[in-house]
Amino acid sequence: MKIPLNFFSGPSPNPTSYHFPLLFLLILAASAYGFGSMGPISASFGDHGLFCAIDASGKQAVICWDADNSSSTASSSSHYSTALPPMAALSGGEGFLCGIMADTSQALCWDSRGFATTSDLIPDVFKLNAYSHIAAGKDHVCAIRGSYYSENDSGTVDCWDIVRVSNTSLNSKQSSRFYNQNASGLVFRSVVSGDGFSCGSIRDGGIACWGPNSIGLGVSGVSESLVALASNVDSICGISQMSGEIKCWGNSNSYGNPPLGIRLVWLAGGAQHFCGIREDNHGIECWGSFNSSLIPKGAGFLGIASSDWLTCGIREGDLVLDCWFSNVSSSQVNFDPPLQLCSPGLCTAGSCGEGMFSFNASLLNEPDLRSLCVRKDLKICSPCGFNCSDGFFPSSLCSLDADRVCTPCSLCQNSTCEDVCGLKPSPQKHWDQLRQLLLIIGSSASGFLLILVAWCVLPRVMVTRNEEGKKKQWLSCIRKPDPEADGNVDQHPPASVAPCPGVAQVFRLSELKDATNGFKEFNELGRGSYGFVYKAVIPDGRQLAVKRANAATIIHTNSRDFETELEILCNVRHANIVNLLGYCAEMGERILVYEFMPHGTLHDHLHGGLSTLNWILRLKIAMQAAKGLEYLHKEVVPPIVHRDVKSSKILLDADWGARISDFGLLTPKEGDSTSDMRMDVYGFGVVLLEILSGRKAYDEECTPPNIVDWALPQIKQGRAAATIDRYVPLPRNVEPLLKLADIAELALREDPKQRASMSDLALLLDQLVKDGLIL
């Protein structure tokens, strides 16, 4: 059967312990990712390295991608969808990959060039066997017999050779090199393979190695039980079950000095290095021949795999792929991994042990996705983190179905996080807290007095209103009360979803409190002069962004202002706008409910340590943001001027589409709409420079600190190429980026009258994207 690679364009309340109990280690025994190892992501070695991963579709489908670095010139990566059946696990060798099929537990192998048939790469004698573990080496494969989903996943080993018949085809044969009488009589829990050797973790303890190159590893007589075993070409590393420390054997030049005093939960082997995922914050540690400055900072991972020169990982926060080079300069290779979400681990039938949580698919904000596995009885057990990377603090503990939550230290507001974030409360903060307390006490007293007055006055008001008849209280976009409703009906009915996009849903305060865990700080997405924005999950599974006004906003805006803002926002509907879904006005609250944007802000990706956006996506975001602003300027009546256009106000939805946010109650005064719109154009020009250069709008560490003062002179002097972000692989054709610089210059002209309109900018950027010259 042929395996074609089809090219496509794309993108609990019971906290657990965080130690290394025996059950935890037994689970991790099958969780080493890399050359010769098995996991949800793996890579082949050699000049034509191919990465493959099990995607997070719930179908256990496989997505593959590559980047050919054999040429001296930069080349672009290719993304492939595959005709492979659903896979339970993957492992990569040199020029080929293998896996275990999810439906049958049988082995399946394919050439990383896509030429060989799967039937050629497994000897006939092994084709119908079921396997619980598989490891591809340089030119051989070893696999442990037994059903993959059986809780007793130990068994004996089969090995076969992969033979290169020609430059374009592979074949296989039953191996005599890897037959060993001692190994064949052992029962293994996991296996890894390298160049001319394989090693396995024995069920009863210890490890055993076999093959022509196994003697040089120096593991003879090692009785220590190891977990998370991984190999590269000529060495192996594992985690000691007793101490949790790294142990390595073989060629010391390929692993250098393993880290001391750091507990790891997963390992991956590269050509001359190893990488692991830390137990505490799920950050990356690498040792051997590796440039540590290239490792992503501030991100946690749930899976990693390495090829000769590249390591790719699955980020824990969003399951998006993130890749970084070992020692190769990013300018030498143009590599953009696909934007598909990838599985955070392997699907298993057993229950998750201590220190693990069962990954909850609902966290991915995909309405149709209920599981990441092909069978409902399967689950993915991921390791709990108990700390966060620098700049974040753990705002909730790991539960049975969710990992600990990390929140930016900028949102730290109490003593529980001040020590972690290295913050010391200042005297001014104590005075601020005292004033807040006095304000709360005063507000409570005022509220009590208001209730007494209302108790006396309200009946008279109600009688008067009944005599006068019903009045129109809300404008056209707000859901009207049921015409048959009377005063004796519940005044706060449950919220119902309005099918018409121009009608806002009325939310009850109680349901928004439940959805945000009582407006707790660990649910905060951000804050501003208006108030706080929280992430909310309502009972039907939808994720929302809840914008709650603070006391100052409520005091300075009356109910009519709030109605006016609702009228504006309800009638604003566009694909590139963060659209309003509903509101709540109970108990004097001013709460607006918006669509939730799972990929955060453009600022976060450009400057905040999240994934580096590739050039195709950057141009698309620029074009879509321009269309959103053009809609506010030209199609909304009366027009809306944003007045605060910047990268932190451009949010990214589930499809990585750009959405403009925070534009309520900003209609221009009569006569000044044109000048105000030109302010928006200038702000958008600054955003374009950020997209082009990767620099912040204002950075005190740079000279000059203002991005316009730095970039605009170079663009005017014909040196726009000097402003291009060098941390993103350059495309073969940089002309579209030079055009982007010219478009930014049109928006940033000193004379406001000479600046392009948002319509002009949207048209130019749309044409730039349609030309499709970024390759």
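Starting from 1, each residue takes its place in the sequence as its number. Keep in mind that what you see is a predicted model, and the values were worked out from it rather than measured.
- Just one of Ser42, Cys64, Ser343 meets the side-chain contact (heavy atoms from CB on, under 4.5 Å) condition when paired with Leu90; it is Ser42.
- With a 4.5 Å cut-off on side-chain heavy atoms, Ile277 and Ile284 count as touching.
- Ile122 CD1 to Ile134 CD1: the interatomic distance, rounded to the nearest 0.5 Å, is 6.5 Å.
- With rounding to the nearest 0.5 angstrom, the OG1 atom of Thr601 is 8.5 Å from the CG atom of Leu606.
- How far CD of Glu595 is from CZ of Arg542: 10.5 Å, rounded to the nearest 0.5 Å.
- Pairing each heavy atom of Met38 with each of Ala89, the nearest pair is CG-CB, 3.4 Å.
- Across all non-hydrogen atoms, the minimal contact from Gly269 to Phe45 is O-CZ, 3.8 Å.
- Applying the side-chain hydrogen bond (donor to acceptor under 3.5 Å, both in side chains) rule to Ser647 yields the partners Glu690; only residues at least two apart in sequence or on another chain are considered.
- Put simply, the side chain of Ser382 never gets that close to the backbone of Phe357: no donor and acceptor are under 3.5 Å apart.
- Annotation: salt bridge (Lys or Arg N to Asp or Glu O under 4.0 Å) contacts of Asp653 (sequence neighbours excluded): Arg659.
- Partners of Ser235 by side-chain hydrogen bond (donor to acceptor under 3.5 Å, both in side chains), not counting sequence neighbours, listed by chain and number: Asn232, Ser254.
- Under the rule for a side-chain hydrogen bond (donor to acceptor under 3.5 Å, both in side chains), the partners of Asn129 that lie at least two apart in sequence or sit in another chain are Tyr131, Asp158.
- In this view, Gln624 and Asn576, Lys620, Ala658 satisfy the side-chain contact (heavy atoms from CB on, under 4.5 Å) rule, not counting sequence neighbours.
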Could you walk me through whether Val728 and Arg618 pass side-chain contact (heavy atoms from CB on, under 4.5 Å), step by step?
CA-CA 11 Å; Val728 182; Arg618 290 193 189 198; 3.1 Å; yes

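- Every ring pair (Phe, Tyr, Trp, His ring centres under 6.0 Å) that His140 has, sequence neighbours left out, goes to Phe178.
- At least one side-chain heavy atom of Cys312 sits under 4.5 Å from a side-chain heavy atom of Trp65.
- Separating the CG atom in Leu400 from the OG atom in Ser351 is a distance of 11.0 Å, to the nearest 0.5 Å.
- Annotation for Ser147 and Ser105: closest pair OG-OG, 3.8 Å, computed over non-hydrogen atoms.
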Report the C-alpha separation of Cys388 and Arg404 in whole Å, then their side-chain angles, then the decisive distance to 0.1 Å, and conclude whether the side-chain contact (heavy atoms from CB on, under 4.5 Å) test is met.
CA-CA 9 Å; Cys388 298; Arg404 54 77 175 102; 4.0 Å; yes

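- Counting heavy atoms from C-beta outward, Val157 and Phe188 have side chains that approach closer than 4.5 Å.
- Qualifying salt bridge (Lys or Arg N to Asp or Glu O under 4.0 Å) partners for Asp308, counting only residues two or more places apart in sequence or in other chains: none.
- Across Ile41 and Gly303, no two heavy atoms sit closer than the pair CG2-C, 4.2 Å.
- Not a single donor-acceptor pair under 3.5 Å links the side chain of Asp322 to the backbone N or O of Arg315.
- Asp655 contributes no side-chain N or O that, together with a main-chain N or O of Gly657, makes up a donor-acceptor pair within less than 3.5 Å.
- Checked by atom type and distance alone, the side chain of Ser306 never pairs as donor or acceptor with a backbone atom of Thr311 at under 3.5 Å.
- For the pair Leu765/Leu740, a side-chain contact is recorded, criterion being any heavy-atom separation below 4.5 Å from C-beta on.
- Residue Cys373 holds its SG atom at 4.5 Å from CD1 of Ile380, rounded to the nearest 0.5 Å.
- For the pair Trp615/Ile724, a side-chain contact is recorded, criterion being any heavy-atom separation below 4.5 Å from C-beta on.
- No donor-acceptor pair under 3.5 Å is formed between the side chain of Ser91 and the backbone N or O of Cys98.
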Carefully, step by step, assess Lys127 and Gln106 under the rule side-chain contact (heavy atoms from CB on, under 4.5 Å).
CA-CA 7 Å; Lys127 286 181 179 178; Gln106 293 171 341; over 6 Å; no

Go through it in stages, so that I can follow the logic: the residues are Val141 and Phe96, the test is side-chain contact (heavy atoms from CB on, under 4.5 Å), and I'd like the CA-CA distance, side-chain angles, deciding distance and then a yes or no.
CA-CA 10 Å; Val141 181; Phe96 69 98; 3.6 Å; yes

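- Side chains of Leu302 and Trp266 form a contact here, defined as non-hydrogen atoms less than 4.5 Å apart.
- Scanning both residues, Pro383 and Asp403, for their nearest heavy atoms gives O-OD2, 4.0 Å.
- Residues satisfying the salt bridge (Lys or Arg N to Asp or Glu O under 4.0 Å) test with Asp55, not counting sequence neighbours, are none.
- Looking only at side-chain heavy atoms (C-beta outward), Leu346 and Tyr148 come within less than 4.5 Å of each other.
- Distance check: Phe274 CZ to Ile236 CD1 gives 8.0 Å after rounding to the nearest 0.5 Å.
- Taking every heavy atom of both residues into account, Ala136 and Ser193 meet most closely at C-CB, 3.8 Å.
- With sequence neighbours left out, the side-chain hydrogen bond (donor to acceptor under 3.5 Å, both in side chains) criterion links Lys627 to Asp766.
- A donor-acceptor pair is defined here as one N or O able to donate and one able to accept, closer than 3.5 Å; such a pair exists between the side chain of His605 and the backbone of Ser611.
- Remark: side-chain polar atoms of Gln60 are paired, donor with acceptor, to backbone N or O of Met87 under 3.5 angstrom.
- Contact of the Pro85 side chain with the Asp103 side chain is not registered, since no non-hydrogen atoms from C-beta on lie closer than 4.5 Å.
- Put simply, the side chain of Asp161 never gets that close to the backbone of Val163: no donor and acceptor are under 3.5 Å apart.
- Scanning for salt bridge (Lys or Arg N to Asp or Glu O under 4.0 Å) contacts around Asp280 gives Arg278, with sequence neighbours left out.
- The pair Asp111-Arg164 counts as a salt bridge, with a side-chain nitrogen and a carboxylate oxygen less than 4.0 angstrom apart.
- Cys342 pairs by the disulfide bond (SG atoms under 2.5 Å apart) definition with nothing, not counting sequence neighbours.
- Here Phe126 pairs with Trp160 under the ring pair (Phe, Tyr, Trp, His ring centres under 6.0 Å) rule; sequence neighbours left out.
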